[in-house]
Structures are given as C-alpha cells and as structure tokens.
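We number each residue from 1, following the sequence as shown. Treat the numbers as computed from the prediction; the structure is a model and nothing was measured.
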Amino acid sequence: MATQRKAIITCAITGAIHTPSMSPHLPVTPEEIIEASIAAAEAGAAILHLHARDPETGRPTQDPKVFERFLPQIKEATNAVINLTTGGSPHMTVEERMRPAIEFQPELASMNMGSMNFGLFPMLDRFTEFTHAWEREHLANSRDLVFKNTFADIEKIMTLGAANGTRFECECYDIGHLYSLKNLRDRGVITGKVFVQSVFGILGGIGPHPEDVIHMRRTADRLFGNEYEWSVLGAGSNQMRIAAQSAAMGGHVRVGLEDSLWAGPGRLAESNATQVGQARQMLESLALSVATPDDARTLLQLKGADKVAF
C-alpha cells in the first residue's frame, strides 16, 4: 500500500496586518497569544507562525522582550514547530524585523522574497471605527508604502539565520519572487529543501484566482522540481478556497487570524483553532493525513526544538 501523503497545517496566530478593532478574537497580549497557540496546536497545527504585539495598544512589535513573554510557554506546552517572523510589519526597518529570529534561533522563520507594494488601505472600506489612532494610520499609510526586501536584506537575514540552523518559510507574493528564490538557491544563500509559502490576495501581489494558484504551482515545480515543499495562504475570504486547491494539488496549507479574520461569510472566526479545525476537516475529507510537528520537521529538514534559544 502506498504511503499516505501528509499535509502540514501552519497557523499564523496574530500577524501584523489586522488591528485589534477589527475583531475581539484577535490575540494581542502574550497571554492571549499563548492560549491561541496551544489551542491551534491541539486542533492540528504542526507549525505556529508567531508575531508579537504591544500588550496595551495591539500595535505590532519586534521587541524580543515581548516575544520572551510567550515563546517559552508555547514551547513547553506544545510540540509544534515555532516559526518566527522576520517580516514584522512593512512599516519597520529590516534591522528591527530580524531581531527575534536572530536572538531566539527558531527552527523556522519567515522571509519575504522581494520588495513590493503592500496595500492594506482597502480595509478602510470595511472597517471605519478604531480604538487606537495607529490603526487607521497603519492602513491608510499603505497607499504610499513599499515593503522593502532587497536581495541584500534577504541575504543578510538568511545568512545569519543559517548560522544558527534556522531554516526559512520563503513567502512568495508573486511569480518574480520564485525566480528570486531560485537565484538565492543557485548561489547557495539557501540550501536544502526549500519551503515555499505562496501568498495570494494581497493588493500588490498575485491575485487569488484559481489560475493564479495553478501558475504559481507550475512555476515552482519547474524551478525547484522535487527539492521543495509548497504551501499556500489566501488572504481574507480566499483562505479556505485556496487551501482546498493547494491540498488537491499536493500542497500544504496555512490558516490563522493573521491571514483572515473570518470563519465564513460575514462570520468572524472566534479563534485560530476554529480555522485550523476547518482546514483539518477539509484535508481529511480529501483523504489526506494531517502532518504532526515531527512530520513537518522531517519534511522541512528542521533542526529540532531542542536546538532553539528559548
């Protein structure tokens, strides 16, 4: 009997796109991030992708002291792979963004594969009332924002991370990002099996049409052959549709309140675990097996939780 393919569920717990006024369920404080992470892992998430927020205002922060308030507790309570952001927020400097991944030496860290326009301002059409002044500014200022990820930035973070044994979730928001990643791999900046996270539906990147998903997959196949693992995330209402398409095409999936606040049309997700449960149900209905954290470590060639610095 053929071995059943295993699909990894990544859960992105809080992110830096959505703001606290958009949903009462968005984790903000360290305690909320801990609770949400443990529940997501128990629901079936093999990887937890983590950002931090100022506990008082909910504003994204890359201050390692805030990460220290939840990383050890999550590691102790779960076997999940912990994936730290180097994206932080598009409004931060590269030096700010890389601090947690370099200091805590996680098994996995995210890395955006190119500079891009990153338009969040369309959300002002849906959300009009905000508790904190920074929230409206965060969205409105994205009209004149380039999310900077130059080749020099990427090479610096990847080289420093590799020295600590950290591998990367390579976030590709467009086809050109796949070619940039191929160049980095050809030059030895990144080695081993590549973990490609294709992002669909952010204004400034590739769209969420099924043909866009197919194009991204075909291009990655052509560039990386069997030397990569493919996952997808769909922004907003695209989340589950694109996850289902990825699963049917042999890929992995990412869900979580970083990427979508919703559990269905007009219905806010009450937790990250809700979305993980939906993803798990979808995968199992397609006769796929949900990967455990140790399955993910094997597939992605990770160093193990005993080799992190938290």
Side-chain angles (χ1 to χ4, degrees), residues 9-89 91-92 96-97 99-101 103-104 106 108-110 120 123 127 129-136 138-139 233 235-236 239 254-264 267-280 293 305 308 310:
I9 300 175
T10 295
C11 187
I13 299 295
T14 186
I17 291 176
H18 298 117
T19 72
S21 298
M22 295 179 181
S23 172
H25 310 299
L26 184 71
V28 169
T29 67
E31 294 75 20
E32 290 169 346
I33 291 171
I34 292 167
E35 181 181 1
S37 297
I38 293 172
E42 290 175 346
I47 299 174
L48 301 172
H49 176 58
L50 299 177
H51 288 239
R53 291 176 179 266
D54 182 299
E56 300 299 323
T57 67
R59 189 168 195 155
T61 177
Q62 290 293 87
D63 185 348
K65 291 182 179 179
V66 182
F67 282 83
E68 284 177 347
R69 294 174 59 182
F70 57 77
L71 286 180
Q73 294 90 333
I74 295 170
K75 179 188 174 188
E76 182 177 357
T78 80
N79 186 38
V81 174
I82 293 178
N83 170 1
L84 296 187
T85 179
T86 69
S89 164
H91 302 281
M92 298 176 181
E96 287 179 276
R97 288 161 40 198
R99 288 181 65 198
E103 181 163 329
F104 296 112
L108 193 63
S110 64
L120 304 179
M123 286 192 283
F127 301 99
E129 297 183 6
F130 300 97
T131 302
H132 306 285
W134 75 266
E135 297 179 85
R136 185 181 300 278
H138 171 75
L139 302 177
L233 73 89
Q239 185 180 77
R254 175 171 137 172
V255 295
L257 297 185
E258 171 173 352
D259 305 329
S260 174
L261 297 175
W262 308 98
R267 180 164 58 93
L268 288 171
E270 295 186 1
S271 68
N272 282 278
T274 298
Q275 294 182 349
V276 174
Q278 290 177 320
R280 180 169 199 147
V308 301
F310 57 89

query = Heavy-atom distance under 4.5 Å between the side chains of Arg53 and Pro20, does that happen here?
reply = yes
For Ala40 and Val276 the tightest heavy-atom approach is O-CG1, 3.8 Å
* To do: Quick one: do Lys75 and Ile82 satisfy side chain to side chain contact (heavy atoms under 4.5 Å, CB included)? Show the steps, please.
  => CA-CA 8 Å; Lys75 179 188 174 188; Ile82 293 178; 4.2 Å; yes
Should Gln275 and Ser260 be marked as a side chain to side chain contact (heavy atoms under 4.5 Å, CB included) after you check the CA-CA gap, both sets of side-chain angles, and the distance that decides it?
-> CA-CA 9 Å; Gln275 294 182 349; Ser260 174; 4.1 Å; yes
Shortest non-hydrogen pair, Pro55 vs Thr29, comes out as O-CG2, 3.9 Å
One should read off an interatomic distance between Glu31 CD and Arg69 CZ, to the nearest 0.5 angstrom, of 5.5 Å
Rounded to the nearest 0.5 Å, the CE atom of Met123 sits from the CG atom of Leu261 at a distance of 8.0 Å
Taking Met92's backbone N and O only, do any of them form a donor-acceptor pair with Glu96's side chain (distance below 3.5 Å, no angle check)?
no
Verify, without hydrogens or angle tests, whether Arg267 (side chain) and Ala263 (backbone) share a donor-acceptor contact under 3.5 angstrom.
-> yes
Heavy-atom distance under 4.5 Å between the side chains of Pro24 and Leu268, does that happen here? yes
| Check: Pro27 and Leu257 side chains under 4.5 Å, non-hydrogen atoms | yes
### Message
A side-chain contact here means heavy atoms from C-beta on lying under 4.5 Å apart; do Leu71 and Leu84 qualify?
### Response
yes
Could you tell me if the side chain of Ile47 sits less than 4.5 Å from the side chain of Cys11, heavy atoms only? no
For Ile38 and Ala77 the tightest heavy-atom approach is CD1-CB, 3.5 Å
I'd like to know if the side chain of Ser110 reaches the main chain of Thr86, judged simply by a donor and an acceptor atom lying under 3.5 Å from each other, with no hydrogens or angles considered. yes
Tightest non-hydrogen contact, residues Val81 and Pro293, listed as CG2-O, 3.9 Å
Margin query: Between Thr85 and Arg97, is there a side-chain donor-acceptor contact under 3.5 Å, judged purely by atom types and distance?
Written below: no
Rounded to the nearest 0.5 angstrom, the NE2-CD distance for His49 and Glu258 is 4.5 Å
Aromatic centroids of Phe67 and Phe70 separated by under 6.0 Å
yes
So CZ of Phe130 and CG of Leu139: to nearest 0.5 Å the spacing works out to 5.0 Å
>> Parallel, tilted or perpendicular, judged at 30° and 60°: which one describes the rings of His132 and Trp134?
In response: parallel
Query raised in the report: Gln278 versus Val255: any side-chain heavy-atom pair under 4.5 Å?
Result: no
If you define the side chain from C-beta out and look only at heavy atoms, does anything of Ile33 sit under 4.5 Å from Ile74? yes
Closest non-hydrogen atoms of Ala43 and Ala273, given as atom of the first, atom of the second and distance, are CB-O, 4.0 Å
Can you tell me how the ring of His138 sits relative to the ring of His91, calling it parallel under 30°, perpendicular over 60° and tilted otherwise? tilted
Between Phe104 and Phe310, the two heavy atoms sitting closest are O-CD2, 3.5 Å
| query | Taking atom types as modelled, is there a side-chain donor on Ser21 or Glu135 under 3.5 Å from an acceptor on the other? | reply | yes
Any side-chain heavy-atom pair from Leu48 and Ile13 closer than 4.5 angstrom?
-> yes
query = Is the number of heavy atoms from other residues, nucleotides or ligands under 6.0 Å of Glu270 CD greater than 12?
reply = no
Separation between OG (Ser271) and CD (Glu35), nearest 0.5 Å, reads 9.0 Å
Between the CG atom in Leu233 and the CZ atom in Arg254, the distance rounded to the nearest 0.5 Å is 4.5 Å
